[in-house]
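To start, the structure under review is shown below, and the notes come after it.
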Amino acid sequence: MSEETFAASWDKSKKISANLEKNPTKYTCLTGDRPTGHLHIGHYFGSIQERVRLQNLGVKTYLLIADLQVITDRQNTENVQEYVYSNVLDYLSCGIDPEKTVIFAHSAIPALNELFIPFLSLVSESELHRNPTVKAEFEASGRTLSALLLTYPIHQAADILFCKSNIVPVGRDQLPHIEITRTLARRFNERYSFIFPEPHGLLTNSPLIPGLDGRKMSKSYNNSIQLSFTEAETENIIKKAKSDSERKITFNPEKRPEISALLTTAALTSGRTEEDIAAEIADAGAGALKQFVSKNVNEYFAPIRQKRAELANDKSFISDIIEEGCKKANDIAVQTLEEVKSAMGLKY
Ligand code: TRP
């Protein structure tokens with residue numbers, strides 16, 4: 001994506017952000033996660049907090065568990081069920097309210113998936129091959145390009161458009177998908193009749209919280225603090241985090257990524273700045289810093305984890321929430337598909 005397009009998206013996103021607070025009911029928001037692992041504190045600061053904020057502003061919000069997207073770049077659905085339950089527990093304990101947010105899995109919504117077929121006709125193969133996110137994910141997967149990986153931006157457009165959502169909170173890397181969704185909506189509306197809004201990405205200022213080793217937080221690097229960790233597990237992973245040979249603690253993400261990642265984690269959970277914390281710990285070294293990080297992470301997440309433990313006692317409660325959400329999403333999807341079929345003259 002060019003800097004120019006990015007600047008335009010950023011500009012639009014800022015305008016929407018300002019308007020959201022005044023006219024929340026004009027907006028429908030869809031966000032989603034692939035259930036490929038347990039959620040960690042990066043998800044919390046990066047996206048969950050923003051979802052809770054939008055929900056509480058009164059924006060109609062949909063939270064998608066993108067279970068069919070798990071098989072875009074892997075060959076099986078191992079552990080998906082476990083991750084779905086775990087992720088929903090995390091959402092609820094972090095403040096997602098199922099009365100305000102529709103939590104659903106797209107595998108349970110046939111009409112959403114059916115939209116994929118007419119949408120496939122609106123995009124060319126070369127447009128898909130040019131999509132930078134598809135390219136990057138294909139290269140990272142080390143496999144041959146599956147038809148689902150190539151076309152998943154179109155499936156994702158069905159996720160966004162089935163509920164006529166007009167805002168999608170995203171990171172910069174997902175912007176190409178929003179562009180394709182807009183193109184699809186426009187082409188459908190021009191070719192048949194006006195049904196779909198052209199959604200905008202809502203770019204947030206949420207900090208990108210690095211993993212404990214300074215690299216991107218990722219399950220495969222074992223460098224993330226999961227929301228579902230106990231206090232002891234949290235202390236343990238922080239204790240094992242790499243530091244460097246310099247004793248004095250300073251904040252320098254370029255030269256000292258590991259120490260700086262610990263400082264950022266401490267800053268987010270204590271409400272202080274990295275520099276301030278570094279100055280306080282200074283010559284006490286990495287051991288003292290790690291204790292500080294553990295204490296603050298555990299304190300910050302204590303109420304969330306307590307709620308999580310209470311909710312985890314009742315597995316049927318979580319499945320009821322998912323079932324309810326799927327029912328609501330299904331009603332909307334059926335309605336949209338009916339409109340689409342009418343517009344296309346496919347009613348007999
Ligand atoms: N691709 C997103 C991810 O990897 C998940 C997702 C699926 C999504 N469908 C979506 C996000 C629709 C936003 C809108 O995290």
Side-chain angles (χ1 to χ4, degrees), residues 9 13 27-40 42-48 50-51 54-55 59-74 77 80 83-84 87-88 90-91 96 101-109 112-113 115-116 119 128 131-141 146 148-185 196-204 206 208 216-220 224 325-326 329 332-333 336:
S9 303
S13 166
Y27 293 94
T28 300
C29 162
L30 181 125
T31 60
D33 293 314
R34 294 200 306 158
T36 52
H38 295 286
L39 298 177
H40 50 62
H43 293 112
Y44 177 80
F45 290 110
S47 61
I48 299 177
E50 174 69 355
R51 292 166 180 169
L54 292 172
Q55 158 204 283
V59 173
K60 177 101 209 111
T61 44
Y62 288 85
L63 177 41
L64 159 70
I65 300 159
D67 52 355
L68 285 171
Q69 224 184 71
V70 168
I71 44 173
T72 49
D73 64 352
R74 56 195 79 196
T77 48
V80 165
Y83 294 145
V84 168
N87 295 0
V88 174
D90 289 330
Y91 296 146
I96 296 285
T101 295
V102 178
I103 305 171
F104 71 103
H106 59 186
S107 66
I109 320 293
L112 180 159
N113 291 300
L115 285 176
F116 188 44
F119 284 1
L128 292 170
N131 182 297
T133 310
V134 169
K135 269 201 223 163
E137 284 170 21
F138 165 53
E139 277 155 24
S141 79
S146 77
L148 186 61
L149 180 53
L150 181 66
T151 55
Y152 95 85
I154 305 180
H155 194 239
Q156 186 152 325
D159 292 336
I160 295 170
L161 294 176
F162 92 94
C163 58
K164 302 189 181 173
S165 104
N166 52 6
I167 47 170
V168 187
V170 284
R172 182 177 176 160
D173 63 320
Q174 294 274 312
L175 274 177
H177 294 332
I178 308 292
E179 272 318 303
I180 278 212
T181 306
R182 293 170 58 76
T183 304
L184 267 162
F196 297 111
E198 287 181 39
H200 291 281
L202 195 61
L203 292 151
T204 49
S206 341
L208 192 64
K216 184 176 178 297
M217 207 180 262
S218 159
K219 202 177 129 249
S220 44
S224 54
C326 288
I332 306 284
T336 304

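This chain uses plain numbering: 1 for the first residue, then up along the sequence. Every number for a ligand or one of its atoms is a count from 1 in the order of the listing.
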Yes or no on side chain to side chain donor-acceptor pair (under 3.5 Å) for His38 and Asp90, after CA distance, side-chain angles and deciding distance?
CA-CA 9 Å; His38 295 286; Asp90 289 330; 5.6 Å; no
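Closer than 4.0 angstrom to ligand 1 lie heavy atoms from Leu30, Gly32, Arg34, Leu64, Ala66, Gln69, Gln156, Asp159, Ile160, Val168, Gln174.
Lys164 forms no cation-pi arrangement with Phe162, by the criterion of a distance under 6.0 Å to the ring centre and an angle within 45° of the ring axis.
For the atom pair SG (Cys29) and CG (Leu63), the distance works out to 9.0 Å, reported to the nearest 0.5 Å.
Under the rule for a ring-ring contact (aromatic ring centres under 6.0 Å, His included), His200 has no partner lying at least two apart in sequence or in another chain. Taking the side chain to side chain contact (heavy atoms under 4.5 Å, CB included) definition, one finds that Ile71 meets it with Thr77, Leu148, sequence neighbours left out. Listed by chain and residue number, Phe196 satisfy the ring-ring contact (aromatic ring centres under 6.0 Å, His included) test with Phe119 (two or more places apart in sequence, or in another chain).
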